[in-house]
Protein chains: 2
Amino acid sequence: MSRSSQREDHLKALYALGESQPSSWVSTTQMASHLGVKPPSVTAMVQVLAELGWAEHRPYHGARLTPTGRKLALSLVRKHRLWETFLVARLGFGWEEVHDIAEQLEHVDSVELVKRLDAYLGHPQSDPHGDPIPKADGTFHPEGEVFVLAELNPLVRCEVKAVREGSDATLSAMSAKGIALGSVLMPSQIEALPAAWLEQLMVCKTVDDGSAD
Amino acid sequence: MSRSSQREDHLKALYALGESQPSSWVSTTQMASHLGVKPPSVTAMVQVLAELGWAEHRPYHGARLTPTGRKLALSLVRKHRLWETFLVARLGFGWEEVHDIAEQLEHVDSVELVKRLDAYLGHPQSDPHGDPIPKADGTFHPEGEVFVLAELNPLVRCEVKAVREGSDATLSAMSAKGIALGSVLMPSQIEALPAAWLEQLMVCKTVDDGSAD
DNA sequence: CAAGATTTTTAGCTGCGCCTAAAAATGGAA
DNA sequence: TTCCATTTTTAGGCGCAGCTAAAAATCTTG
């Protein structure tokens, strides 16, 4: 793998730990245990990130992302969650199986690939675990309220957020029609769905990207 | 990336150069220029491959793959071509754009991923460049091998070799369309066949005589 | 067939990311 | 406030995969 994937891993760890406890400074020991390496290795890498302008390092206190670093970290999270979505929604992996594979895929370097993958998946707003997928500019989709698809009137684009009370048979039938968490439903598709599903699919409205239905 | 991806690159180079000129021994200088590194680096890596039992190294003469190494190389070629197929057929990349991206994707380590990707793409037999995709066992679909028509992807000329589980009605329907043992099917014809027949017709690829379809 | 030209390997160096052990800084308790 | 326990960084090494320069083997040619 490219030399920089370790840097990317440290950047992601810094983001993950920094968000969950926004007390700003993340200790190198925390990062070390998160990454499965020893603290001195983290110190060295954090110093590299600081030189790149991606993180600040206050010796003996911890590290934190710069705005630039945060944007980079978010683009990694974006790639990771898009790949997870692909693996589950298209290849039929189980939610629990995909993390390690996505971990490898997210280090593939191609802006165009991410753009096309995103479009191919229908610009999903969250991954199979329900976690939000950052947009290309490093911001999140504003939170849409989730509601039952049957209540959607008039019909507009929306995204599947959850499935209520789904039997295995229902779920496979849905996935056979390409419906899974993160799927974007067009009005014309919604009309064609079995009535029963309208009560089970939990959705939120999705921003229109301008493409025709 | 994993430590082993350099090994994989050398293995692939050895395969690529060894096949095109099957005079057995590939020089380290050839490999070096193919890989964009200097000859001493190749020598070192070839010695590692030899220790792993993937290649033979005859000092001052060159290197060549062992049967084990060849199978590994073929599995890499398989992954590469499956990813290329995905990028072109699903994400809409141009076939010239995909090589570098596939180069990165092919080093993702997951047997299950390859299996599912292959199935998702419909078990293609060649990539967007028309190069054959090795099977999971490291062999190619040889000319003359018989398989189910449904697995033919992309569509090419083929010849009907057998019909599985055909009812009398099916057989008469087929012969009404001019399909019998020995019939040659063109891609445009195959597209027009009932889906059920694709699972019944056993075919093999046929040499193209150059005439239009 | 011997000697020079060429190819290939060996020797020894570099940078990267990891490690352990030792030194330094922090912060809590007497 | 001072001293000790804990955390963090620095110092020094290791393995990997690349490099250059020198040595060794092979090829070529007079």
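So that the names make sense, note that chain A is the first sequence line, chain B the second, and so on, each numbered from 1. Computation of the quantities below employed the complete heavy-atom set of this structure, encompassing side-chain atoms and omitting hydrogens, waters and symmetry-equivalent molecules.
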Whole angstroms only, please: what is the [atom1]-[atom2] distance between [X] and [N]?
| X | N | atom1 | atom2 | answer |
| --- | --- | --- | --- | --- |
| B:Glu8 | D:dA17 | CD | P | 11 Å |
| A:Gln6 | D:dC16 | CD | C1' | 12 Å |
| B:Arg58 | D:dA24 | CZ | C1' | 16 Å |
| B:Glu51 | D:dG15 | CD | C1' | 14 Å |
| B:Met31 | C:dT7 | CE | C1' | 16 Å |

Could you tell me whether the phosphate oxygens of [N], OP1 or OP2, come under 4.0 Å of any side-chain nitrogen or oxygen in [X]?
| X | N | result |
| --- | --- | --- |
| B:Gln47 | C:dT9 | no |
| A:Ser41 | C:dC19 | yes |
| A:His57 | D:dT8 | no |

Could you work out which one of [options] sits closest to the side chain of [X]?
| X | options | value |
| --- | --- | --- |
| B:His61 | D:dT10, D:dC27, C:dC18 | D:dC27 |
| B:Arg7 | C:dT9, C:dG17, D:dA17 | D:dA17 |
| A:Val37 | C:dT9, D:dT7, C:dC19 | C:dC19 |
| B:Thr43 | D:dT9, C:dC18, C:dT9 | C:dT9 |
| A:Thr28 | D:dT26, D:dT10, D:dT9 | D:dT9 |
| B:Lys38 | D:dG18, C:dT20, D:dC19 | D:dC19 |

Taking for A:Pro40 and for A:Tyr60 the nucleotide of DNA chain C with the nearest heavy atom, the one nearer the 5' end belongs to A:Pro40
Sorted by position of nearest nucleotide on DNA chain C, 5' first, the leading residue of A:His10 and B:Ser27 is B:Ser27
I'd like to know if B:Lys205 pairs up with B:Glu159 as an ion pair, taking the criterion as any Lys NZ or Arg NE/NH1/NH2 lying under 4.0 Å from an Asp or Glu carboxylate oxygen. no
Check your understanding: Considering only heavy atoms from C-beta outward, does the side chain of A:Val26 approach that of A:Arg64 to under 4.5 Å?
Key -> no
message: Checking A:His80 against A:His99: is there a side-chain donor and acceptor pair closer than 3.5 Å?
response: yes
Just checking, is any N or O donor in the side chain of A:Gln30 or A:His34 under 3.5 Å from an acceptor N or O on the other one? no
| query | At under 4.0 Å between heavy atoms, what does A:Gln30 touch on the DNA or RNA strands: base, sugar-phosphate, or nothing? | reply | nothing
**Asked** Should the pair A:Arg90 and B:Tyr120 be classed as cation-pi, given the thresholds of under 6.0 Å to the six-membered ring centre and 45° from the axis?
**Response** no
